[in-house]
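Here's the structure, in structure tokens; my notes come after.
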Amino acid sequence: MDATFATGKELQKMDPVFGQLSFDDHEQIVFCNDKDTGLKAIIGIHNSVMGPALGGTRMWNYNTEWEALNDVLRLSRGMTYKSAITGLNIGGGKAVIIGDAKTQKTPELMRKFGEFVHSLSGRYITAEDVGMETKDMDTVRDVTPYVTGISEERGGSGNPSPITAYGVYLGMKAAAKSQFGSDVLDGKKVLVQGIGHVGETLVDYLTKEGAQVTITDINEEKLYQVAQKYGATIYTGEDLYTADVDIYAPCAMGATINDNTVNKIKAKVIAGAANNQLADENVHGARLQERGILYAPDFLINAGGIINVYAELEHYGKAEIMSKTENIYNTTLEIIDYAVKNGMTTHKAALTIAQNRIDLRKIENSKK
């Protein structure tokens, strides 16, 4: 092969998928392309030991295909552990569509994506994520049954964002109890980064409890709207990671805790809705622990959404959805306790418990 065509660190030494640092023994990666609709998507199935891979579809204007691939690999892996730690009998998967959701998303594109999902015969079940709305899932449902998060009018559970926010709120309270001695957030200074569907609902919960909420977002119009609606303060400093707050809640894109930020953070608790908040889960998880900052594992406390859409597969109602989501509080305390007793980070503790459940199921499956 002519080396002049190699890019991206020589295509990871000519191993562009399996050679990715974020590749973690994924079972299947599907690249989807349709010229007529402009669809360019990647579906990642990380693990199906616990059941079919369930995870949302994210539409984002990635800078490169490498960035999109890395995102779907990290996100799908996170879904495996999110479902396992929450006690759901479902595997981990995710999908990304490359493009601007505001200008390039069409019903035709969503239907074509649904056809690709359908071609996997139920190995992957999709749902709503960043850049998606409940109506988009309804469109996908027109061509495949392998979708959750459809509208309540069509027999679905609707928008999962409010339940996700509720779980994050409870996980934050549990982390506060461990770190500050009380789960009361009245008077606590909380910085919410990202005020989309989940972030705004989290702001609502926090302000109702009396927390001093500061918000930041790339969408200035939404920022002023939410600030006015809830009486929140808009962050105006130069570096939000140095903000003098008690709790930092990342609710936008992932990897905000990285080499550039991990030593700046002044908050004593990190608890937010974003996926994959640690750019390097081992390095940055350990650094937070060294600095005495308590990290509530993202894939644990943001599991309310998957609990909500999983209800469509298991046919349980709102009461059980709320019960399972409320259990995030207890699980968060258990994870923190496990981490302390075993001398590991909270992220590692959550991964360990989730992996133990998967390993046990794998043994059970082999005996059938």
Side-chain angles (χ1 to χ4, degrees), residues 26-34 36-59 72 75-76 78-80 82-84 86-97 99 101 105-164 197 303-321 324-325 361 365:
H26 285 68
E27 294 176 0
Q28 192 173 5
I29 311 296
V30 181
F31 292 83
C32 314
N33 179 69
D34 181 66
D36 293 337
T37 62
L39 175 72
K40 292 185 184 299
I42 310 173
I43 299 171
I45 298 174
H46 177 250
N47 190 290
S48 60
V49 170
M50 302 300 298
L54 173 61
T57 295
R58 169 174 295 185
M59 189 166 186
V72 79
L75 289 166
S76 56
M79 293 306 300
T80 294
K82 181 182 297 189
S83 295
T86 313
L88 307 181
N89 294 319
I90 204 79
K94 206 79 173 185
V96 298
I97 297 175
K105 184 172 58 176
T106 64
E108 292 75 22
L109 181 143
M110 292 309 303
R111 276 193 287 272
K112 180 56 67 174
F113 173 71
E115 290 175 14
F116 278 108
V117 171
H118 192 70
S119 72
L120 294 171
S121 304
R123 273 183 55 75
Y124 169 65
I125 302 169
T126 196
E128 179 184 327
D129 201 275
V130 175
M132 290 292 157
E133 306 284 345
T134 302
K135 64 180 180 180
D136 299 317
M137 297 304 104
D138 283 352
T139 302
V140 172
R141 183 65 181 83
D142 290 340
V143 295
T144 182
Y146 305 122
V147 54
T148 56
I150 58 176
S151 63
E152 294 183 54
E153 292 78 15
R154 296 188 62 170
S157 57
N159 182 2
S161 298
I163 305 297
T164 302
H197 295 310
I306 197 74
I307 291 170
N308 192 63
V309 296
Y310 182 67
E312 294 179 29
L313 304 179
E314 292 298 307
H315 308 292
Y316 56 76
K318 290 287 185 183
E320 190 163 352
I321 289 173
K324 288 180 180 294
T325 303
R361 176 59 61 86
N365 290 345

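All heavy atoms count here, side chains included; hydrogens, waters and symmetry mates do not.
At least one donor-acceptor pair under 3.5 Å links the side chain of Thr144 to the backbone N or O of Tyr146. Looking at Lys105, its side chain does come within 3.5 Å of a backbone N or O of Gly131 through a donor-acceptor pair. Although no hydrogens or angles enter the test, the distance criterion places a donor-acceptor pair under 3.5 Å between the side chain of Glu128 and the main chain of Thr134. Here the side chain of Asp138 pairs a donor or acceptor atom with the backbone of Ser151 at under 3.5 angstrom.
Rounding to the nearest 0.5 Å gives a distance of 13.5 Å between NZ of Lys82 and CD1 of Ile90. Ile45 contributes atom CD1, which lies 10.0 Å from atom OG1 of Thr80 (distance to the nearest 0.5 angstrom). Atoms CD and CD1, from Glu314 and Ile321 in turn, are 12.0 Å apart once rounded to the nearest 0.5 Å.
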Please step through side chain to side chain contact (heavy atoms under 4.5 Å, CB included) for the pair His26 and Val72, ending with a clear verdict.
-> CA-CA 11 Å; His26 285 68; Val72 79; over 6 Å; no
Just do the side chain to side chain contact (heavy atoms under 4.5 Å, CB included) check on Ile29 and Ile42 with the steps written out, would you?
-> CA-CA 7 Å; Ile29 311 296; Ile42 310 173; 3.7 Å; yes
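At least one side-chain heavy atom of His118 sits under 4.5 Å from a side-chain heavy atom of Pro145. For the pair Thr126 and Phe113, the minimum side-chain heavy-atom distance is below 4.5 Å. Here the side chains of Tyr310 and Thr148 are not in contact, with every heavy-atom distance at 4.5 Å or above. Two residues are said to be in side-chain contact when any heavy atoms from C-beta on lie closer than 4.5 Å; Tyr124 and Val30 fail this criterion. At a threshold of 4.5 Å between non-hydrogen side-chain atoms, the residues Leu313 and Leu54 count as touching. Between Leu120 and Gln28 there is a side-chain heavy-atom pair separated by less than 4.5 Å. Side-chain contact between Met50 and Ser83: absent, with no pair of heavy atoms (C-beta onward) separated by less than 4.5 Å. Using a 4.5 Å cut-off on side-chain heavy atoms (C-beta onward), Met132 and Ile97 make contact.
Heavy atoms only, all atoms of each residue included: Thr37 and Leu109 are closest at O-CD1, 3.7 Å. Counting all heavy atoms, side chain and backbone alike, Ser161 lies closest to His197 at OG-CB, 3.2 Å. Counting all heavy atoms, side chain and backbone alike, Ile43 lies closest to Cys32 at CD1-SG, 4.0 Å. Nearest heavy-atom pair across Ala303 and Thr86 is CB-OG1, 3.3 Å. Closest of all the heavy-atom pairs between Ser48 and Arg123 is OG-NH1, 3.8 Å. Considering every non-hydrogen atom in both Met137 and Ile150, the closest pair reads O-CG2, 3.6 Å.
One finds a salt bridge joining Asp129 and Lys94 here, because a Lys/Arg side-chain nitrogen approaches an Asp/Glu carboxylate oxygen to under 4.0 Å. Taking the charged nitrogens against the carboxylate oxygens, Arg111 and Asp34 have no contact shorter than 4.0 Å, which rules out a salt bridge.
With Tyr316 as the aromatic partner, Lys324 meets the cation-pi criteria of under 6.0 angstrom to the ring centre and within 45 degrees of the ring axis.
When Lys135, Arg154, Lys112 are each tested for a salt bridge (Lys or Arg N to Asp or Glu O under 4.0 Å) with Asp142, only one passes: Arg154.
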